Amino acid sequence: MLTAILTIAALSVSFGLLLGYSAIRFKVEGDPLVEQIDAILPQTQCGQCGFAGCRPYAEAIAAGEADINLCPPGGEAGMLALADLLGKEPVPLENESNTSSAKSIAHIREDECIGCTLCIQACPVDAIVGAAKQMHTVIADQCTGCELCVPPCPVECIDMVPVKTTLSNWKWPYPDGMEQEPKTQEQGS
Amino acid sequence: MAKLNKDILLSAAILGIFGVLGATLVSLTWTATAERIALNQQQAFLRNVYKLIKHEEIDNELLKDVLTIHSPALSKDKVQVYRARKQGEPVAVIFSPVQSPGYAAPIRLMIAVRADGSLAGVRVLSHLETPGLGDKIDDSRTDWILGFEGKSLDNPPIEKWKVKKDGGVFDQFTGATITPRNIVATVRKTLEYFGQEKERLFKQPAAPPAEPPFH
Amino acid sequence: MSEYALILVSTVLVNNFVLVKFLGLCPFMGVSRKLETAIGMGLATTFVLTLSSVASYLVNTWMLEPLGLEYMRTIAFILVIAVVVQFTEMVMHKTSPLLYQVLGIFLPLITTNCAVLGVALLNIQEQHNFVESALYGFGAAVGFSLVLVLFAAVRERVNVADVPEPFKGNAIALITAGLMSMAFMGFSGLVSG
Amino acid sequence: MITRNPGRLDFHGGIHRPDRKSLSAGKFLGKVPLPEILTLPLQQHIGSAAEPTVTAGEHVCKGQIIARTTEYIGAPIHAPTSGTVLGIEERPVPHPSGLNAPCILLQTDGKDAWGELPEPLPHYADLDPSLLRERIRWAGIVGLGGAAFPTSVKLNHGPDRPIQTLVINGAECEPYITCDDLLMRKQADRIMEGVKILLHVVEARECLIGIEDNKPEAITAMQQAVAESGLEHVQVVQVASRYPMGGEKQLIKVLTGKEVPSHGIPAEIGVTCINVATAAAIADAIIAGRPLLSRLVTVTGEGIANPGNLEVAFGTSLSQVITHASGLTSLAYKLILGGPMMGFTLDNDKVPVTKGTNCLLLASKEEAPDPDKALPCIRCGKCVEVCPAQLLPQQLYWHARAKDLDKTREYNLFDCIECGCCSWVCPSHIPLVQYYRFAKTETWAMEKEKQQAEEARRRHEARTERLERLERERKARLRQKKEALEKKAARGAADPKKTAIEAAMKRVAEKKARQARENEEN
Amino acid sequence: MSYREIIRNGLWGNNQALVALLGLCPLLAVSNTLINGLGLGLATTLVLVLSNGTISFIRHWVRQEVRLPVFVLVIASFVTAVELAMNAWFHDLHKILGIFIPLIVTNCTIVGRAEAFASRNPVPQSMVDGLSMGAGFTLVLMTLGGLREFIGQGTILSGIHLMFGEASRALTFSFGDDFHGLILAILPPGAFFGLGLLIALKQVIDKRNARRASAPQAEPQTTTATAEG
Amino acid sequence: MEFPVHTSPYGQLPNNVTRLMGQVLLALVPGIIALVYYFGWGVIINICIAVATALAAEAGVLHLRKRPIIPTLMDLSAVVTAVLLAIALPPLLPWWMTVLGVLFAIVMVKHLYGGLGYNPFNPAMAAYVLLLVSFPLSMTRWLPPEMLNQYPLDFLQSLAIIFGGQFPDNLTWDAITSATPLDEMRTQLEMHQTISELSQSPLWGDFGGQGWEWIGNWFLIGGLFLLWRKVISWHIPVAMIAGLLLSAGIFWMIDPESMPSPAFHLFSGGMLLGAFFIATDPVTASTTPRGRIIYGFLIGVTVYIIRTWGGYPDAVAFAVLLMNMAAPTIDYYTKPKVFGAREDEDG
Ligand SMILES: Cc1cc2nc3c(=O)[nH]c(=O)nc-3n(C[C@H](O)[C@H](O)[C@H](O)COP(=O)(O)O)c2cc1C
Ligand SMILES: Cc1cc2nc3c(=O)[nH]c(=O)nc-3n(C[C@H](O)[C@H](O)[C@H](O)COP(=O)(O)O)c2cc1C
Ligand SMILES: Cc1cc2nc3c(=O)[nH]c(=O)nc-3n(C[C@H](O)[C@H](O)[C@H](O)COP(=O)(O)O)c2cc1C
Ligand SMILES: Cc1cc2nc3c(=O)[nH]c(=O)nc-3n(C[C@H](O)[C@H](O)[C@H](O)CO)c2cc1C
Ligand code: SF4
Ligand code: SF4
Ligand code: SF4
Ligand code: SF4
Ligand code: FES
C-alpha cells in the first residue's frame with residue numbers, strides 16, 4: 001500500500017514540476033483576439049451594445065463576458081462573423097428591432113442650427129464640423145449613423161435621413177420567391 | 001529566479017498532495033475489497049462450470065487444479081484446462097476459453113469434456129455474431145448450444161460432425177450456416193485433442209497462472 | 001509487419017473509435033462545425049493520443065506491473081494523460097493563439113476524451129507491445145481525425161440545407177453521425193479474418 | 001486569309017444555343033430620325049459619372065462636349081445634335097436597377113449643326129500614340145462590345161506591358177444580335193481603318209480578327225478588306241459558334257492559346273481586345289475628327305414588327321427606336337436590353353439609348369417565358385461543365401445563397417463573367433447569375449463599409465485621445481487654478497456637458513425601448 | 001444561482017446529454033437497454049456528486065497549471081474506489097456495468113461540470129449541481145435505453161433482475177421470442193439516431209413552451225433592454 | 001407599355017429536373033424487365049409498394065412542413081429513390097420491410113435534411129443498409145434465377161407471400177430461395193473451395209451468376225442511354241468500374257484459384273446498377289470533375305475490399321454510403337483550376 005501511495009506521489013510530483021516549469025516557459029502575454037474581434041465590429045461607436053464603444057465590447061467578448069449578439073449596427077452578418085471567428089453557435093440578435101437595414105446619416109437643417117456645439121461633443125467620430133455660434137454641418141462620408149447627436153440638439157434640427165440609392169451604391173437584390181432561403185442555425189436550446 | 005522556482009515547487013507540491021490523497025483512497029479501498037473481488041470472480045466462474053457438471057461430481061479445488069496449454073491445433077491463444085476430480089479420480093476437464101472463428105469476430109467458448117470423452121456441455125462466453133442470425137448460439141436466445149451435451153466422437157460418428165447442410169447431424173440456422181459450422185468444428189477439434197492428450201491432461205502437475213483470467 | 005498494418009486498418013476503419021467503439025464523441029460533435037477547425041483538432045488529438053498511448057504503456061510496464069499496482073492503472077493513466085494535454089495546451093497557447101482559441105475548451109476535454117483513456121486501457125487489454133501501442137494510439141487518432149474531418153465537411157453542407165426547424169443543429173448532426181456509422185458497418189468483419 | 005479556328009485552341013465549357021440571328025441579320029433600317037428631346041445620362045460607362053459643363057438654357061452644337069470628367073477612368077459626353085439644354089434632371093436610365101439618374105435633357109433644333117471639331121489626323125502613322133489616345137479619349141469612345149469601358153484607358157497599357165497581339169472581336173456570340181455583323185458586312189473598310197490606327201497605337205505585331213462561323217458574309221467582307229489593306233500581319237480567323245465565344249478571355253484563348261490571368265487583364269499577356277464597332281468609332285475620331293454620337297443597335301425579337309439594325313443617336317428613347325422599326329407586334333411580352341444571355345429586362349421603353357446599348361430584344365412569351373419556380377440545386381454538375389471561367393457555379397451558388405461572402409470569394413466569384421451559361425443549363429432553373437451578382441455587389445458594399453469602419457475607428461481613436469489630452473490639460477489647469485480660485489467656478493463648467501451627453505444616451509435608450517415595444521405590438 | 005435554477009438547468013435547460021452534448025460516449029454505448037442506462041446513470045451521478053463536492057471544496061488551493069491534473073486525479077480516485085466497492089459488494093450489478101464503470105472517468109460531463117461549475121461555486125451548490133446534472137443524464141440514458149431496447153429487441157426492462165433481484169424479473173415486458181425488432185436500433189447507428197430524435201423532440205417542446213411563455217413575458221423583456229441601454 | 005422584369009438568361013431552358021429523373025426511370029426499364037424475367041412478379045410488386053409509399057411519405061412530410069406538395073412530387077426524385085431501392089431488394093421481401101425502408105429513405109435520409117438536393121447520403125442505399133442490417137435473414141433470401149427455379153411463382157402467389165407470408169402448398173422459404181452467387185462464392189471460398197470447383201455449380205453462368213450477368217448487361221444498356229442523354233457524365237461509372245477491375249485484376253492474377261475474376265466481380269451483384277444509377281446520384285456524389293473520378297474509383301476499390309475480406313457479400317451500398325460521406329471533403333480538395341489561374345495560386 002505504501003508503494004502505491006509513494007509511486008503515485010512521485011509521479012504526480014514530477015508532473016507538477018514539469019507543468020510548473022512550462023507554465024512559466026510558455027507564458028502568454030496580451031491577446032491578439034481582441035484585435036480580430038474589433039476588426040469585425042462596425043466601429044459605429046454607438047454604445048448600443050452596452051459598452052462604451054466597439055473596442056470595450058471587443059474586449060468583453062474576448063474575455064468571454066459578453067455574448068456576440070449585442071451589436072445592432074453589425075447586424076446578423078456581424079454576429080455570424082463573430083460566431084465564425086470564435087467557433088461559437090450563432091445566436092439571434094438581441095435587439096432585432098433596431099437593425100433597420102437602410103442606413104441613415106445625420107443631416108443638420110442648417111438654417112435652424114443655433115451653433116451650440118452640443119452635437120459636436122456627442123459625435124464619437126468627429127463627423128460634425130462647425131464652431132461655437134455658427135451653423136454646423138455633418139460630413140456625410142464620415143457619419144456612421146449612430147444617432148448620438150440627435151438627442152442633445154436643443155432645437156431638434158438634426159434629422160436622420162436614409163442614404164439614397166444611386167447607380168453606384170445600388171446592389172443586386174437577393175433572388176427571392178425561389179426555394180427556401182437558408183436561415184442561420186439556431187442554438188440547440 | 002527564486003520566485004520562479006517557488007512557483008514550480010508549489011505546483012509540484014499541490015499535485016503531489018492530491019496524488020497522495022487519491023492514491024490513499026484507492027489503496028484503502030483496494031485493501032478492503034481485493035479479497036472479496038477475487039472470491040466473487042471465482043464464484044462466477046464456478047457457477048458457469050456447475051451448469052455443465054454438477055457440483056456434487058467434483059470434490060477437488062478446481063481453480064487450483066489447472067493447466068495452461070498452447071496448442072495451435074486447438075486455439076490461437078492460450079487455453080486454460082481445469083481438471084475436475086472426485087476422490088482423485090478424473091471426472092472431466094474444462095477448456096476455457098477456446099476460440100472459434102465466428103462470422104464477425106472470434107467466439108469464445110467454454111467446453112467441458114467428461115473423462116469418458118463425451119461432452120458435458122458447451123457454453124458461449126462471448127461473441128459478436130449478427131443479432132438475429134448468428135447470435136442464436138447464445139443459450140439465452142436459443143437452446144441450440146445445449147444440443148452438444150452427451151455427444152462424443154462416436155456419437156455421432158466423426159464424419160457426421162457437421163451441420164446438416166454439409167451432410168452432418170447438427171442444425172444450422174436459416175441464413176446463417178457459418179457460425180454453427182465453425183462451432184461444430186471447434187468442438188470436434190477439442191474432442192479430438194482431448195482424445196489424444198487425455199492421459200497427459202490429467203497427469204501433468206497443476207500450474208495455476210498468477211492471475212486467473214476469468215471470464 | 002502485416003500485423004502492424006492490420007492494427008492500423010482495424011483502428012482506422014473497422015473498429016473506428018468514434019463510430020464503432022463510441023469513444024471520443026464529445027469532441028467529434030463539438031469541434032466539427034468547420035472543416036479547418038476539425039483539421040486542427042484532428043492534429044492535436046493525433047499528437048496527444050499517440051503520445052499518451054506510449055506514455056501510459058511505459059508507465060504500466062516499467063512502473064505499475066513491476067510494483068504490482070495494476071489497480072492504480074486508471075489513476076496513473078489519467079494523470080499521464082492530463083499532464084500531456086495540459087502541456088500541449090500551454091505550448092499551443094503560446095505558439096498558435098487562434099488555434100488555441102478555437103480548440104480552447106476542447107483541449108481540456110481531450111483529457112477526458114474517452115478515446116485517450118480508452119486507448120491506454122485497451123492497449124493493456126490487448127497486450128500490445130511498445131510498437132503496437134504506439135501504432136494503436138496513432139491508428140485510433142487517425143481514425144478519429146478522418147471521420148472528424150469528413151463529418152465536418154458534411155456538416156458544413158448540412159448547415160445551409162433546408163433542415164426542418166426542430167432538427168437544426170445538433171439533432172441533424174447526430175443523425176448524420178448515425179448514417180456515417182451505418183456506412184462504417186460495411187467494414188465490419190474486415191479484419192477478424 | 002481565312003484561318004479556321006485551330007482545333008487545339010479551345011475554351012472550356014460554353015453552350016450551343018439555337019440562335020435567332022436571321023430575324024435581323026444583314027437588315028439595315030436606316031437612321032432613327034432625331035427626336036425632339038434627347039436624354040443623355042451622365043453615367044454611361046464603367047467609371048465615374050461625368051460632370052455637366054453646360055447649364056439649362058444654353059445652346060449647344062453637334063459634337064460639343066456637354067459633360068466631362070477629370071477621373072482617369074471616364075469619358076466625356078457630346079451633344080449628338082445641336083439644340084438647347086433644357087436642364088439636368090433625374091430620368092429613368094437603362095440600368096437593371098430601374099433607378100432614375102441625372103441626365104442632360106437636350107431640346108433638338110432640327111438643324112443638326114456641327115460645332116467646332118478638332119482637325120482630322122489622317123497622318124496618324126506619324127503621330128505619337130499618346131496623342132492618338134488623347135483624341136480617342138476626347139471622342140468619348142468606350143467599348144461598344146458591351147462593357148462600355150473607356151477605350152483610351154484600355155489602350156494605355158503602359159511601357160512594362162508591351163502588346164504583341166491585337167484581337168478584334170467580331171464574334172458576336174449572343175443569339176439575336178447582329179449589329180456587329182452588319183457593320184462588318186457593310187463597313188469592313190472603316191473597321192480596317194480603325195484596326196490600322198489601333199495597331200499603331202498599341203504597337204502590336206499582329207492582329208487577329210475573330211468572327212464566328214455563322215456569319216459567312218461578314219467573314220468574306222472582312223477578309224476582302226484585309227486583303228485590300230495589304231496588311232500581312234492581320235488575319236481573319238473563323239471561330240466556332242459557341243456562346244460565349246465573344247467573351248474577351250474566351251476569344252483570346254481561342255485565337256492565341258493564352259489565358260488571361262485570373263483577376264487580370266489581357267494586357268498582362270500582351271493582348272488587347274477591341275470590338276469591331278469600337279474600331280470603327282476610332283477610325284471616325286482619328287480620320288474625321290468626329291466624336292462618338294451614335295451607334296448601331298439591333299432591334300429584334302418576335303415582338304417587333306420589322307426586326308433589323310438601326311443607327312441611333314445617343315439619348316433617343318427606346319420607344320422611338322421601336323416606332324421606327326414599325327412598332328410592336330401583339331406577341332411583345334418582354335423588353336430586354338442586350339442579348340438574351342447577358343441582357344436585362346426593362347419595365348418600360350422610356351429610357352434612352354446609350355453607348356452600351358447594342359440590342360433591343362422584344363421577346364415574345366415563348367422567347368422569354370417567365371421563370372419557373374427554382375428547385376434546390378441537385379448538384380448535377382451541368383453548370384460546371386459549361387462554365388467558361390472554369391468555376392464551380394454550384395458551390396458559388398451554395399455559398400451565395402447562404403450569404404457567405406468570404407466563401408464565394410474563395411471559390412473565385414470575381415472570375416465569373418456573368419455569361420449565364422450556368423443558369424441556362426441548370427435543370428433546377430436556379431437564377432444562378434443573379435446570386436453571383438448579388439454576392440458581388442454585396443461584397444463591394446461590404447468592402448466599402450469596412451473601409452468606412454476603419455476610418456471611423458481612426459477618427460474615434462483620435463477623438464478619444466484628444467479628449468483625454470484635453471482632460472489632462474484641464475485637470476492640470478484646474479489644479480493650478482484651485483490654488484488661486486474657489487472650487488465652485490471650476491466644477492460648474494464641466495458638469496452640464498456631461499449631463500447633456502448622459503441625458504442624450506438615456507433618451508436614445510428610451511426611444512429604442514419605445515420602438516421595440518411598438519414593434520412588439522404590431 | 002438559486003437551487004431551483006440549478007436543478008432546472010440540470011434536468012432540462014442545460015441537460016448535459018441533450019444540450020451540452022457531453023458524456024456522449026457512455027450515453028450512446030450503454031443505452032442499449034433501460035436497465036443498463038439506469039445502472040450507469042446512478043454510478044455516474046454518485047461520482048458526479050462526490051467529485052463536484054470535492055472540487056468545489058479545494059477550488060481555492062489549486063493553481064491554474066495543475067488544475068486539470070488535480071481534477072482528473074480526484075475523479076479517477078473516486079471512480080476507482082466506486083468501482084472496487086461495487087465489484088466487492090454488488091458483484092452482479094458490477095458485472096453488467098463492468099466495462100462501463102472505468103469509462104465514467106472520461107465521461108466529459110464530469111470534468112465539464114468540475115470546470116464549469118464546481119470550480120466556481122460553493123460546496124452545497126456544487127453538490128446539488130452534480131446531483132441534478134447526474135439525474136438529467138440518467139433520465140436521458142434511461143429514455144434512450146428504453147427506446148432502443150423496445151425497438152431493437154422488443155423488450156422493456158430486460159435484465160432488471162440483475163439489478164433488483166430475481167423477484168423483479170416479472171416486470172420485464174417482452175413481445176415474445178420470435179419478435180424481430182429493428183436490430184439497427186441496438187447497434188451504433190441506432191444510438192445516434194435515437195439521441196438525434198430526442199434532441200429534436202426537446203427542441204419542439206422548448207419551442208412550444210417559448211411560444212406559450214412569450215406572450216406574458218414580452219413586457220419584462222423590453223424593460224431589461226431599457227436598463228441595459 | 002409595362003414589361004415584366006426578371007434576370008437573365010432569357011429563353012426556354014433546355015433542362016429540367018423532372019425530365020432528368022424521368023430519363024433515369026426510362027433507363028431503368030430494360031434492367032427491370034430483365035429482373036422480372038429472371039426473378040418473377042415480386043420485383044414489380046416491390047416497385048409498386050415502394051413507389052406508393054414514397055409518394056405518400058413525401059406528401060406527408062411536405063404537408064407537415066407546410067410546403068407545396070404537388071410541385072415537389074412532380075420532380076419524380078422520390079420515385080427514382082423508391083424504384084432503385086425496390087430493385088435492390090429481394091423479390092419476396094415482406095411488404096412491411098419495403099415500406100419501412102422507403103419511409104426511412106424518404107423521411108429520415110432525405111427530408112430531415114430538407115428534401116431534394118440537400119441530403120448528403122444516398123436515400124435508397126441508406127435504406128438498403130438499414131434493412132440489410134436489421135433483417136439479415138430476409139434480406140439474404142433471394143430467389144434462384146428463372147432457369148434454376150423449380151417452383152416458379154405466379155403473380156397471386158407472389159402477392160400472397162409478400163403480403164401474408166403464405167406459401168403455396170408444401171413450399172417453404174428454404175425450398176424457393178437460394179443464396180446469391182456472391183454470397184455462395186463467399187461461403188464456398190471460406191470453406192477453401194477453389195474457383196474452378198465453384199464454377200461447376202449450376203448457379204454459375206459465363207462470367208457471373210446465371211441470370212445475374214444478364215441483368216447487369218441490361219442495366220449497362222440503360223446506363224449507356226443515360227450517358228448518351230448526358231444525364232450523367234462518364235467520370236463516375238468509368239472510374240468506379242476501373243477501380244473494381246483494377247483491384248480485382250491484381251489479386252486475380254496473383255491467385256486465380258481463390259480470387260474471382262474481374263469479370264465475375266463486374267457482372268455480379270449491384271455493380272453495374274451501382275455504377276450507372278446509384279453512384280451517379282448527383283445529389284450525393286462528388287461534383288468536381290476530378291473529384292468524381294476519385295469518388296468513383298474509391299467506390300470501386302471499396303466494393304472489392306468489402307466483397308473480398310469484409311463481412312458482407314455485396315458492398316455497393318456500403319461503398320456508396322462511405323464515399324457519400326467523403327464527397328464534401330473530396331470536393332473541397334479537388335476544386336478545378338480556374339480559367340487563367342496563376343502559377344502561385346491553387347485553384
Ligand atoms: C448482414 C449479414 C449478417 C450476417 N451474419 C451472419 C452470422 O452472424 N452468422 C452466419 O453464420 N452468417 C451470417 N450471415 C450470412 C452469411 O453471409 C451466409 O449467407 C450464410 O452464413 C450462409 O448460410 P446459408 O447457407 O444458410 O445461406 C450474414 C449475412 C449478412 C448479409
Ligand atoms: C475595373 C476595371 C478596370 C480595368 N482596367 C483596365 C486597364 O487598366 N487596362 C486595360 O487595358 N483594360 C482595363 N479594363 C478593361 C477590361 O480588360 C475589359 O476589356 C473590359 O472590362 C471589357 O471586357 P468585357 O466586355 O469582356 O467584360 C478594366 C476593366 C474594369 C472593369
Ligand atoms: C459573356 C460575354 C460575351 C461577350 N460577347 C461579346 C461579343 O459577342 N462581341 C463583342 O464584341 N464583345 C463581347 N463581349 C465583350 C468582350 O468581352 C470585350 O469586352 C469586348 O470585346 C472588348 O471590346 P470593347 O472594349 O471594344 O467593347 C462579351 C463579354 C462577355 C462577358
Ligand atoms: C442519375 C441519377 C441517379 C440517381 N440515383 C439515386 C440513388 O441512387 N438513390 C436515390 O435515392 N436517388 C437517386 N436519384 C434521385 C435523386 O437524386 C435522389 O432522390 C436525391 O438524393 C434526393 O435528394 C438519382 C437521380 C439521378 C438523376
Ligand atoms: S453596438 Fe456595435 S457599433 Fe455600437 S458601440 Fe457597440 S460594437 Fe460599436
Ligand atoms: S453625425 Fe451624428 S449620427 Fe453621424 S456619426 Fe456623428 S453623432 Fe453619429
Ligand atoms: S455566369 Fe459565371 S459561373 Fe456561370 S457559367 Fe458564366 S462565368 Fe461561370
Ligand atoms: S446546374 Fe443547377 S442543379 Fe446542377 S449543379 Fe449547377 S446549380 Fe446545381
Ligand atoms: S468524449 Fe465525451 S464522453 Fe467520450
Side-chain angles (χ1 to χ4, degrees), chain D residues 11-12 17 96 98 249 253 259-262 264 328 332-336 340-349 361 363 366-373 375-382 384-385 388-392 394-395 411-412 415 420 423-429 431 433-434 437, chain F residues 1-21 23 68 71-72 74-75 77 113-120 230-233 235-236 280-289 291-292 327-328 331-332 334-343 345 347:
Chain D
F11 69 91
H12 173 269
R17 183 178 168 173
K249 294 181 172 189
K253 174 85 194 284
E259 285 191 4
V260 179
S262 147
L328 301 178
Y333 180 61
K334 269 185 194 148
L335 172 56
I336 298 164
M341 293 303 292
M342 294 193 61
F344 52 89
T345 41
L346 290 171
D347 64 359
N348 71 78
D349 55 7
L361 172 56
E366 204 169 306
E367 288 174 306
D370 286 333
D372 293 334
K373 203 171 141 56
L375 291 174
C377 167
I378 57 166
R379 316 181 63 80
C380 64
K382 292 205 182 303
V384 183
E385 282 160 29
Q390 284 157 255
L391 304 176
L392 292 174
Q394 86 282 22
Q395 299 291 59
Y411 279 89
N412 299 302
D415 278 320
S423 309
W424 181 254
V425 296
C426 176
S428 290
H429 298 184
V433 185
Q434 198 185 338
R437 288 172 175 152
Chain F
M1 168 147 185
E2 284 264 318
F3 300 95
V5 292
H6 69 91
T7 51
S8 60
Y10 308 101
Q12 307 271 7
L13 305 189
N15 300 320
N16 74 53
V17 175
T18 307
R19 197 173 317 151
L20 215 62
M21 298 293 166
Q23 282 172 341
T72 307
M74 286 295 294
D75 70 31
S77 68
Y113 288 95
L116 177 68
Y118 295 116
N119 47 313
K230 293 214 167 69
V231 173
I232 58 176
S233 68
H235 304 77
I236 293 177
T280 51
D281 173 13
V283 176
T284 55
S286 188
T287 53
T288 65
R292 284 181 170 173
D331 278 355
Y332 186 83
T334 53
K335 287 182 217 160
K337 183 182 83 69
V338 300
F339 185 97
R342 297 170 201 240
E343 289 295 301
E345 291 175 31

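Throughout, a chain's letter reflects where its sequence line sits, starting with A, and its residues are numbered from 1. Keep in mind that what you see is a predicted model, and the values were worked out from it rather than measured.
Both the backbone and the side chain of D:E366 come within contact range of chain F, with heavy atoms under 4.5 Å apart. The part of D:I336 that comes within reach of chain F is its side chain, from C-beta onward, which places non-hydrogen atoms under 4.5 angstrom from that chain. Only the backbone of D:P388 comes within less than 4.5 Å of a heavy atom in chain F; its side chain stays farther off. Proximity to chain F is limited to the side chain of D:V384, based on heavy atoms less than 4.5 angstrom apart. Looking at F:L20, only its side chain comes within 4.5 Å of chain D, counting heavy atoms on both sides. Using a 4.5 Å cut-off between heavy atoms, D:E367 contacts chain F through its backbone alone, with no side-chain atom that close. Both the backbone and the side chain of D:M341 come within contact range of chain F, each with at least one heavy atom under 4.5 Å from a heavy atom of that chain.
With chain F as the partner, the residue from D:S428, D:A368, D:P261, D:C426 showing the most heavy-atom pairs under 4.5 Å is D:P261. Contacts with chain D were tallied for F:A285, F:G117, F:P71; F:G117 has the most, counting heavy-atom pairs under 4.5 Å. Options D:A363, D:G98, D:S423 differ in how many heavy-atom pairs under 4.5 Å they form with chain F, and the most are formed by D:S423. Residue with the most contacts toward chain F among D:G420, D:P340, D:P96: D:P340 (heavy-atom pairs, distance under 4.5 Å). Taking D:L346, D:D415, D:V433 one by one and counting their heavy-atom pairs under 4.5 Å with chain F, the maximum is reached by D:L346.
Inter-residue side-chain proximity for F:S8 and D:F344 is flagged as unmet; no heavy-atom pair is nearer than 4.5 Å. Contact annotation: the side chain of F:N16 never approaches that of F:M21 to less than 4.5 Å [non-hydrogen atoms, C-beta and beyond]. With a 4.5 Å cut-off on side-chain heavy atoms, D:Y333 and D:D370 count as touching.
A donor-acceptor contact closer than 3.5 angstrom is absent between the side chains of F:T18 and F:D75. Using modelled atom types, one finds no donor on one side chain facing an acceptor on the other under 3.5 Å when comparing D:K253 with D:H12. No hydrogens or angles considered: nothing links the side chains of F:R292 and F:T287 as a donor-acceptor pair under 3.5 Å.
Contact check on F:D331 versus D:R379 returns a salt bridge, with a Lys/Arg side-chain nitrogen under 4.0 Å from an Asp/Glu carboxylate oxygen.
Under the side-chain hydrogen bond (donor to acceptor under 3.5 Å, both in side chains) criterion, F:Y113 pairs with C:T176, sequence neighbours left out.
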